[in-house]
Amino acid sequence: HHLIAYASPKYAGWQLILGSFTFKKFNDRDVDATSYRALYTNGGFYFAFGQVFIADEQTARGEDEERNAATLSYSWDRLSLVATVEQNDVATGTLNDFTTYAAGGRFKFNDNWSTAVTYADKNHHDEELDNSAVIGQVRRHFGDQAYLFAETGQYDNSPSNYSVGVNLKF
């Protein structure tokens, strides 16, 4: 596996990230996938969009695939809101043939506690695979480098889940 990436310097709030990936060393391709992502930040405002292009030799149906995503968010002092869309231009009927929309927010009560809630809707080409969820989380922060969390995902068409954990940053 090989990855080559370039992140441009930021200019007027914009940054461009380019990537080239090789998944299999022993096929006759030097590049199996390429990607780009454009990012814009201005104060609490954030916007990003990008695409990944996967070569036909790497996909289940032997057709090129394109994956598209965009995110928009705004953060105030204690509240952050975000919306994301992901759309996959892939062979009809494959597991990756879906569009997902999500919107969520995080509220920071104080330096020690925050909570978040997200709604996500997955619209699959095969309607039996459609799903939506509400995801909730509570965090107990210990500075900027560590927090404990408890979360749940309540799904319409698959089993709901619950988890607790620790997140450490190094």
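Positions are given from 1, in the same order as the sequence printed here. For the numbers below, each heavy atom of this structure counts, side chains included, while hydrogens, waters and symmetry mates do not.
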Would the number of heavy atoms belonging to other residues, nucleotides or ligands and lying under 6.0 Å from CD of E127 be above 12?
->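 No, CD of E127 has 12 or fewer neighbouring heavy atoms, counting only those of other groups under 6.0 Å.
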Under 6.0 Å from the CG atom of D144, do we count more than 12 heavy atoms belonging to anything else shown?
-> no
Heavy-atom side-chain contact between [X] and [Y] under 4.5 Å:
X: V138; Y: R140; result: no
X: N68; Y: N88; result: no
X: W14; Y: F47; result: yes
X: T152; Y: I135; result: no

Check the pair E86 / F98 against side chain to side chain contact (heavy atoms under 4.5 Å, CB included), numbers first and verdict last.
-> CA-CA 8 Å; E86 176 187 355; F98 63 85; 4.1 Å; yes
Can the positive tip of R139 be found less than 6.0 Å from the middle of the six-membered ring of F149, inside 45° of the ring normal?
->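 No, R139 and F149 do not form such a contact.
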Between [atom1] of [X] and [atom2] of [Y], what distance do you get to the nearest 0.5 Å?
X: L39; Y: F49; atom1: CG; atom2: CZ; value: 9.0 Å
X: H141; Y: F109; atom1: NE2; atom2: CZ; value: 10.0 Å
X: L18; Y: Y6; atom1: CG; atom2: OH; value: 8.0 Å
X: T99; Y: H125; atom1: OG1; atom2: NE2; value: 11.5 Å
X: R106; Y: T115; atom1: CZ; atom2: OG1; value: 7.5 Å
X: R67; Y: Q51; atom1: CZ; atom2: CD; value: 12.5 Å

Hey, is the main chain of F45 close enough, under 3.5 Å, to the side chain of N42 for a donor-acceptor pair?
-> no
Donor-acceptor pair, Q15 side chain versus S8 backbone, under 3.5 Å?
-> yes
Would W76 and R78 count as a side chain to side chain contact (heavy atoms under 4.5 Å, CB included) if you check the C-alpha gap in whole Å, the side-chain angles of each, and the deciding distance to 0.1 Å?
-> CA-CA 6 Å; W76 293 269; R78 297 187 328 166; over 6 Å; no
Going by distance alone, is a donor N or O of one side chain under 3.5 Å from an acceptor N or O of the other, for Q154 and S160?
->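 Yes, a side-chain donor-acceptor pair sits under 3.5 Å.
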Say whether S20 and T34, considering side chains only, have a donor N or O and an acceptor N or O under 3.5 Å apart.
-> no
Kindly work out whether a path of hydrophobic side-chain contacts (I/L/V/M/F/W/Y, heavy atoms less than 4.5 Å apart) joins L72 to L16.
-> yes
Hey, any chance W113 and F107 share a hydrophobic cluster, counting ILVMFWY side chains that come within less than 4.5 Å of each other, even indirectly?
-> yes
Which atom pair, heavy atoms only, marks the closest approach of [X] to [Y]?
X: H124; Y: D130; result: N-OD1, 2.6 Å
X: Y119; Y: S132; result: OH-CB, 3.4 Å
X: S35; Y: F21; result: OG-CE1, 3.5 Å
X: Y46; Y: A48; result: OH-CB, 3.5 Å
X: A7; Y: I17; result: CB-CG1, 4.1 Å

Check the pair L79, Y74 against side chain to side chain contact (heavy atoms under 4.5 Å, CB included), reporting the backbone distance first and the verdict last.
-> CA-CA 8 Å; L79 176 66; Y74 197 88; over 6 Å; no
Go through N131 and S158 one step at a time and tell me if the side-chain hydrogen bond (donor to acceptor under 3.5 Å, both in side chains) criterion holds.
-> CA-CA 8 Å; N131 209 352; S158 55; 2.8 Å; yes
Working for side chain to side chain contact (heavy atoms under 4.5 Å, CB included), residues V166 and L168 | CA-CA 7 Å; V166 176; L168 301 172; 4.0 Å; yes
